[in-house]
Amino acid sequence: MKKNKYFAGIIKDPGSTLKYKTYVWRDGLKPSWIKKNCTNCLTCFINCPDQAIKVDKDGNMAGHNLDYCKGCGICAQVCPAKPKAIVMKKE
Ligand code: SF4
Ligand code: SF4
């Protein structure tokens, strides 16, 4: 049997989750940010399972990246602002 001189694989084009727009998983609801209510605590950013909360270069909440938001509603649920700074709305 011919021996292969290579013993490890080479991945020339590594995968990236950036290629997978997980918004297609949303089921009718998307988050809506109400900037005037936002205290910039970033609780939403910490809790979003999809890193779909945008933060600007100064570290401030900057809305949602709806390409990757799957509409779970966690950000709206954990937002401590009163009144809420994130609410879930119909698509
Ligand atoms: S709805 Fe879920 S996935 Fe979308 S931004 Fe909020 S926490 Fe992230
Ligand atoms: S959790 Fe609510 S108040 Fe805090 S940064 Fe996010 S939207 Fe703003």
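As the structure lists them, so they are numbered: ligands from 1, and atoms in each ligand from 1.
- Among Ile53, Val55, Thr39, the one residue that satisfies the side-chain contact (heavy atoms from CB on, under 4.5 Å) test with Met61 is Ile53.
- Residues Arg26 and Leu66 are in side-chain contact: their nearest non-hydrogen atoms beyond the backbone lie under 4.5 Å apart.
- Rounded to the nearest 0.5 Å, atoms NZ (Lys35) and CG (Asn40) are 9.5 Å apart.
- If you take SG on Cys69 and CD1 on Ile74, they are separated by 10.0 Å, rounding to the nearest 0.5 Å.
- Heavy-atom contacts of Pro80 reach the following atoms of ligand 2: 1 (S) (cutoff under 4.0 Å).
- Contacts between Lys30 and ligand 1, counted as non-hydrogen atom pairs separated by less than 4.0 Å, are absent for every part of the residue.
- Listed by number with element, the atoms of ligand 1 under 4.0 angstrom from any heavy atom of His64 are 5 (S).
- Looking from atom 5 (S) of ligand 2 to the surrounding protein, the closest heavy atom is Leu42 N, 3.1 Å.
- Looking at Cys48, Gly71, Pro31 and measuring to atom 8 (Fe) of ligand 1, the nearest heavy atom belongs to Cys48.
- For ligand 2 and Ala85, the ligand atoms under 4.0 Å from any heavy atom of the residue are 2 (Fe), 7 (S).
- Going from atom CG of Asp67 over to atom OG1 of Thr22 covers 8.5 Å, rounded to the nearest 0.5 Å.
- Closest protein heavy atom to atom 3 (S) of ligand 1: Lys70 N, 3.5 Å.
- Taken from SG in Cys75 to NZ in Lys84, the straight-line distance is 9.5 Å, to the nearest 0.5 Å.
- The CZ atom of Phe45 sits 6.5 Å away from atom CD of Gln51, with the distance rounded to the nearest 0.5 Å.
- Residues Lys21 and Tyr68 are in side-chain contact: their nearest non-hydrogen atoms beyond the backbone lie under 4.5 Å apart.
- In summary, the atoms of ligand 2 found under 4.0 Å from a heavy atom of Ile86, numbered by their order in the structure, are 7 (S).
- In terms of modelled atom types and a separation under 3.5 Å, the side chain of Asn60 and the main chain of Asp56 share no donor-acceptor contact.
- Atoms of ligand 2 found under 4.0 Å from any heavy atom of Cys38 (numbered from 1 in listed order, with element): 3 (S), 5 (S), 7 (S), 8 (Fe).
- Atom 6 (Fe) of ligand 1 has an N, O or S atom of Cys75 inside 2.8 Å of it.
- Under a 4.0 Å criterion applied to the non-hydrogen atoms of Asp50, ligand 1 contributes the atoms 3 (S).
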Can Lys90 and Leu29 be said to form a side-chain contact (heavy atoms from CB on, under 4.5 Å), step by step?
-> CA-CA 5 Å; Lys90 283 188 179 167; Leu29 292 175; 4.2 Å; yes
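- Annotation: the span from Lys70 atom NZ to Asp50 atom CG amounts to 4.0 Å, rounded to 0.5 Å.
- If you look at Val78 next to ligand 2, there are no close heavy atoms at all, none under 4.0 Å.
- Close approach of ligand 1 to Pro49 (heavy-atom distance below 4.0 Å) involves ligand atoms 7 (S).
- Taking atom 1 (S) of ligand 2 as the reference point, the nearest protein heavy-atom neighbour is Cys44 N, 3.3 Å.
- Proximity of Thr39 to ligand 2, defined as any heavy-atom pair under 4.0 Å, is shared by backbone and side chain alike.
- Looking only at protein heavy atoms, the nearest one to atom 2 (Fe) of ligand 2 is Cys79 SG, 2.4 Å.
- The Gly73 neighbourhood of ligand 1 comprises atoms 1 (S), 2 (Fe), with distances under 4.0 Å to a heavy atom of that residue.
- Nearest protein heavy-atom neighbour of atom 4 (Fe) of ligand 2: Cys41 SG, 2.3 Å.
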